[in-house]
Amino acid sequence: MNLSFFIAKRYLISKKSHNAINIVSAVSVVGICIGTMALIVVLSAFNGLSELVKSLYNSFNSDIQITLKQGKTFHFDEATSQQLKQLKGVKYYVEVLEENALLKYNEQQCLATIRGVSDNYAEMSHFDTLVHDGKFILKNGAESMTVIGKGIDYLLNINPNDQLTSLSVYAPKRGVSSSINPEDAFNKKNIFVSGVFSINDDFDYKYALVPIDFARDVLEYKNEVSAIELGLEPGVNSSLIEEQVKNLLGGTFVVKDKYEQNELLFKTLKSEKLWTFMILVFIMIVATFNVIGSLTMLIIEKKKDIAVLWNMGADLTLIRKIFLIEGIMITLIGVFSGLLMGTLLCLGQQHFSWIKFNESFVVSAYPVKMLGTDFLVVFAVVVCIGLLAAWYPVRLFTRRYFIAEKSMQ
């Protein structure tokens, strides 16, 4: 066994003459353990929350979205539509038409955006998983139906199970500038509500999903759309498809993948995780000050042992290695204990749902997702901090000790 490691291990587990050194060493281990555990738990919680937000937005946003660079609506000829559908990796082709409208239910009314979608929208987006009241039904035979956001449901006090009272949709008539009777300036169509979805307030208070033929009828459009959304096969490189679509359509259209559609959101999630990690690392640095104190007290206590080793022929490097290994062992015990405790807490949350959300939220418990990269980064960062915390007192005090010894000789 390596001599420096053997002596360091003995120093670590043996009882010191001053009980304070044992206490400071134990506090060092506990501090590193708690700091490491906090890093793992917080990063895993951020991962879970990020995945939840991404899944919610991905259910609303498609893999590829095509919109007009200038203007509101457009229409692809049959040849262009077929070229898009036949691109390798494209599985779904969905037409979307969006426009603001006035919704009225009994005596309640509010402004909203009706989002007309084609029949395969639910199959592409799995939007039905977001419906918490009623069902995702846009077509009941020949009858059109709508799925509204939770916020609109709250404003209008709608009961999706009431199939006797319909929702009235008012949209301005195209080309009509003024009228003596205000109602003559609007198209009106009635539609029954089949379900209520919940994502977040940005969507819940804004959107009502309807069949695209209903939207075209009330908005007085024929074949126009405001966007084309493409769903891709699993595992397909979306960047490659995006470039192919851009080359096909030219510079008249804006083509975005699902991350570009919510670029600010995803950048915010990454920056929040980064800053939280940096704050916890700073706390970890403060916690490792105990390692400096522990090694300093140990070096002072072991002056006689250092003198004996020196007289037996040990050099400065060997003695420094002893106390450096001591600090690394304290750090490693704390790190592995923290990683284990953080893993157990995350597994407990995943399986037992200790921290729950209220019943109206889209998930019942706080989501947690552990990533191997987080474990590696935390381990590397904490070990580096521990190594620096051990190196400083070992180098400083052993140097002072040997300078003092040489001056006495």
Side-chain angles (χ1 to χ4, degrees), residues 5 8-16 19-52 269-298 321-356 365-394:
F5 177 77
K9 186 182 72 170
R10 292 289 299 173
Y11 282 171
L12 180 64
I13 63 178
S14 63
K15 187 175 181 180
K16 284 74 173 178
N19 194 43
I21 300 177
N22 293 320
I23 295 174
V24 173
S25 298
V27 169
S28 301
V29 172
V30 171
I32 294 172
C33 173
I34 293 175
T36 304
M37 178 189 68
L39 281 168
I40 291 298
V41 170
V42 171
L43 292 179
S44 298
F46 261 101
N47 293 335
L49 189 60
S50 298
E51 287 299 314
L52 173 63
L269 290 173
K270 288 182 179 179
S271 63
E272 285 180 347
K273 181 179 178 180
L274 175 62
W275 282 107
T276 302
F277 177 76
M278 292 177 66
I279 291 170
L280 290 175
V281 167
F282 178 77
I283 296 173
M284 176 65 71
I285 293 173
V286 175
T288 54
F289 285 165
N290 291 309
V291 177
I292 298 175
S294 175
L295 290 178
T296 302
M297 295 172 68
L298 183 63
K321 280 179 65 177
I322 293 171
F323 294 102
L324 189 61
I325 291 173
E326 170 95 2
I328 293 173
M329 290 173 69
I330 291 173
T331 301
L332 289 177
I333 292 172
V335 167
F336 284 116
S337 300
L339 292 176
L340 177 61
M341 291 180 63
T343 302
L344 292 176
L345 283 175
C346 291
L347 289 175
Q349 174 64 16
Q350 288 177 344
H351 290 86
F352 302 108
S353 302
W354 290 325
I355 302 176
K356 296 182 179 294
Y366 203 103
V368 174
K369 181 180 181 181
M370 292 180 286
L371 296 177
T373 52
D374 288 342
F375 280 75
L376 291 175
V377 170
V378 169
F379 177 81
V381 169
V382 176
V383 169
C384 288
I385 293 173
L387 183 61
L388 291 174
W391 174 82
Y392 175 76
V394 169

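Bear in mind the structure is a predicted one, so any value in this text is a computation, not a measurement.
- Annotation for V382 and T331: closest pair O-CG2, 3.8 Å, computed over non-hydrogen atoms.
- Note that SG of C33 is 9.0 Å distant from CG of L339, once rounded to the nearest 0.5 Å.
- A distance-only check finds no donor-acceptor pair linking the side chain of S337 to the backbone of G334 [under 3.5 Å].
- Taking CD1 from I285 and CG from L280, the interatomic distance works out to 11.5 Å, rounded to the nearest 0.5 Å.
- Nearest approach of Q349 to W354, heavy atoms of both residues: OE1-N, 3.1 Å.
- Of the N and O atoms on the side chains of S28 and S294, not one donor lies less than 3.5 Å from an acceptor on the other residue.
- With ring centers used as reference points, F379 lies under 6.0 Å from F336.
- Of all heavy-atom pairs between T343 and I40, the closest is N-CG2, 4.4 Å.
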Given side chain to side chain contact (heavy atoms under 4.5 Å, CB included), test F46 with L269 step by step and report yes or no.
CA-CA 8 Å; F46 261 101; L269 290 173; 6.0 Å; no
Given side chain to side chain contact (heavy atoms under 4.5 Å, CB included), test I328 with V383 step by step and report yes or no.
CA-CA 8 Å; I328 293 173; V383 169; 5.8 Å; no
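- Scanning for salt bridge (Lys or Arg N to Asp or Glu O under 4.0 Å) contacts around E272 gives an empty result, with sequence neighbours left out.
- To the nearest 0.5 angstrom, I292 atom CD1 is 9.5 Å from L388 atom CG.
- A 4.5 Å side-chain heavy-atom check between K321 and F5 finds every atom pair outside the cut-off.
- A pairwise comparison of heavy atoms in I330 and V29 identifies CG2-CG2, 3.7 Å as the closest pair.
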Side-chain atoms of residues 367-376: list all donor-acceptor pairs with protein atoms under 3.5 Å, sequence neighbours left out, distances to 0.1 Å.
| unit_1 | atom_1 | unit_2 | atom_2 | d |
| --- | --- | --- | --- | --- |
| D374 | OD2 | N47 | ND2 | 2.6 |

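- Between L347 atom CG and F352 atom CZ the span is 9.5 Å, to the nearest 0.5 Å.
- A distance of 11.5 Å separates CE in M278 from OG in S271, rounded to the nearest 0.5 Å.
- The shortest heavy-atom contact between L43 and K273 is CD2-CE, 3.8 Å.
- Atom-to-atom distance recorded for S25:OG and E326:CD is 6.5 Å, nearest 0.5 angstrom.
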